[in-house]
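Working notes for the structure below.
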Amino acid sequence: MALAALVIANVALAFGPLFVRVADVGPVAAGFWRIALATPMLLGTAMAMGDRPFGASRGLWGVLALAGVAFAADLASWHVGIGYTTLANSTLFGNCAVLIFPIYGFVAARMWPSRMQALALALAAVGAALLMGRSASLSTRNLAGDLFCLLAGVLYALYFILMTRVRARLAPVPALALSSLASIPPLLLLALGLGEQIWPHSWWPLLAMAVVSQLIGQGCMIYALGHLTPLVIGIGLLIQPIVGAALGWVVFDERLAAADAVGAVFVALALVLVRGGGKPERVASPDGEPKSA
């Protein structure tokens with residue numbers, strides 16, 4: 001069941017960039033609707049499970065507000081980047097938080113990474129350079145898209161850091177529900193400030209994004225994290241860029257060149273090694289993504 005949940009989670013999450021592209025609202029507005037449509041269902045699920053999210057979160061609203069802004073900025077940056085780069089690159093760079101967060105852990109604990117973790121960081125750097133070099137050779141727009149997705153990964157890592165305190169007191173579902181609730185206002189304000197179209201003509205991409213990405217994808221990932229090792233989770237994450245590349249090829253005719261393929265393999269290997277190397281403590285983030293401390 002856990003392995004099946006892991007596969008379902010990564011396939012579902014890989015469809016997120018596709019829904020952003022086909023939505024008839026702005027990219028930031030798409031992020032707003034993803035969260036706004038999913039949050040009531042998350043809150044209802046938490047309450048049905050016997051949790052009291054609002055009562056249990058007293059004293060945490062300041063941290064939740066900051067986390068909501070960080071997650072809103074993450075989604076906004078990632079969704080903007082999706083429109084300017086390939087689906088494969090957007091998925092890879094959007095997952096770079098799992099490399100950045102261990103670096104924060106090393107700095108906070110004043111520790112050096114293990115040899116395997118250092119190798120992972122080196123592979124990630126080389127892979128990112130190859131991917132960005134190819135993007136730059138194609139168009140400055142592609143490079144800008146990569147940088148937006150990379151910024152999204154950094155903001156996602158900041159979100160992990162802020163949510164550490166929240167996760168110490170709240171279970172995953174209510175923590176995800178409340179952090180999502182705190183993300184709604186900044187996403188809406190940012191979409192309005194950018195002059196994006198907010199109200200859609202077609203609802204299906206936004207509903208699909210809320211259900212497939214936020215509920216099914218993140219929900220299955222949370223379940224899998226409680227039953228599988230970090231190495232298995234890391235290998236499972238490789239499904240996302242593979243599915244993303246396949247969707248980009250079939251739907252948008254985005255073909256990978258040799259440098260793209262090598263760079264993607266390097267980053268994917270780094271995602272695996274950073275979980276499997278050394279002896280970091282594994283903690284389940286509120287969004288269902290693995291992180292190391």
Side-chain angles (χ1 to χ4, degrees), residues 4-46 48 68 71-72 74-95 145 148-149 152 156 172-173 176-177 179-181 183-184 186-188 190-191 194 196-224 236-237 239-254 286-289:
L6 179 65
V7 173
I8 292 170
N10 283 285
V11 172
L13 291 169
F15 275 81
L18 175 63
F19 296 139
V20 173
R21 284 199 183 180
V22 300
D24 60 2
V25 297
V28 180
F32 161 74
W33 284 114
R34 166 182 166 172
I35 302 301
L37 293 172
T39 298
M41 290 182 275
L42 286 168
L43 287 171
T45 301
F71 189 53
D74 157 49
L75 273 186
S77 181
W78 189 46
H79 283 192
V80 169
I82 287 168
Y84 295 107
T85 189
T86 64
L87 295 191
N89 278 22
S90 67
T91 307
L92 281 168
F93 288 122
N95 273 316
F148 270 115
C149 292
Y156 201 37
V173 174
L176 175 58
S179 64
S180 299
L181 182 65
S183 299
I184 294 175
L187 277 169
L188 179 58
L190 186 56
L194 292 173
E196 292 186 357
Q197 179 177 331
I198 306 295
W199 198 259
H201 298 292
S202 175
W203 282 96
W204 78 261
L206 304 176
L207 288 169
M209 195 185 314
V211 174
V212 176
S213 299
Q214 197 72 4
L215 297 180
I216 297 176
Q218 298 293 1
C220 288
M221 185 67 78
I222 289 174
Y223 176 80
L237 280 174
I239 296 171
Q240 284 193 53
I242 293 171
V243 175
L247 288 172
W249 186 6
V250 172
V251 181
F252 300 107
D253 198 28
E254 297 174 351
D287 277 342
E289 292 286 344

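As a basis for the values below, the full set of heavy atoms in this structure was taken, side chains included, without hydrogen atoms, waters or symmetry mates.
A191 meets the side-chain contact (heavy atoms from CB on, under 4.5 Å) test with V28, A29, E196, I198; sequence neighbours excluded. Among residues two or more places apart in sequence or in another chain, the side-chain contact (heavy atoms from CB on, under 4.5 Å) test is passed with A177 by L42, L43. Scanning for side-chain contact (heavy atoms from CB on, under 4.5 Å) contacts around L207 gives L37, W203, with sequence neighbours left out.
Atom CD1 of I184 sits about 10.5 Å away from atom OG of S179, to the nearest 0.5 Å. With rounding to the nearest 0.5 Å, the separation of CG in L187 from CH2 in W33 is 12.0 Å. Atom CZ of residue F71 and atom OG of residue S180 lie 6.0 Å apart, to the nearest 0.5 angstrom.
Formation of a donor-acceptor pair under 3.5 Å by the S213 side chain with backbone atoms of A210 is not found in this model. In this structure a side-chain-to-backbone donor-acceptor pair under 3.5 Å is present from Q197 to W199. Using a distance-only test at 3.5 Å, with no hydrogens or angles considered, a donor-acceptor pair links the side chain of T39 to the main chain of I35.
In this structure, the side chains of T85 and F148 stay at 4.5 Å or more apart for every pair of heavy atoms.
Looking at every heavy atom in both residues, P40 comes nearest to A36 through CD-O, 3.1 Å. Smallest separation of non-hydrogen atoms from W78 and P17: CZ2-CG, 3.7 Å. Closest heavy-atom contact between A30 and L206: CA-CD2, 4.0 Å.
Counting non-hydrogen atoms of neighbouring residues, nucleotides and ligands closer than 6.0 angstrom, the CZ atom of F19 exceeds 12 such neighbours.
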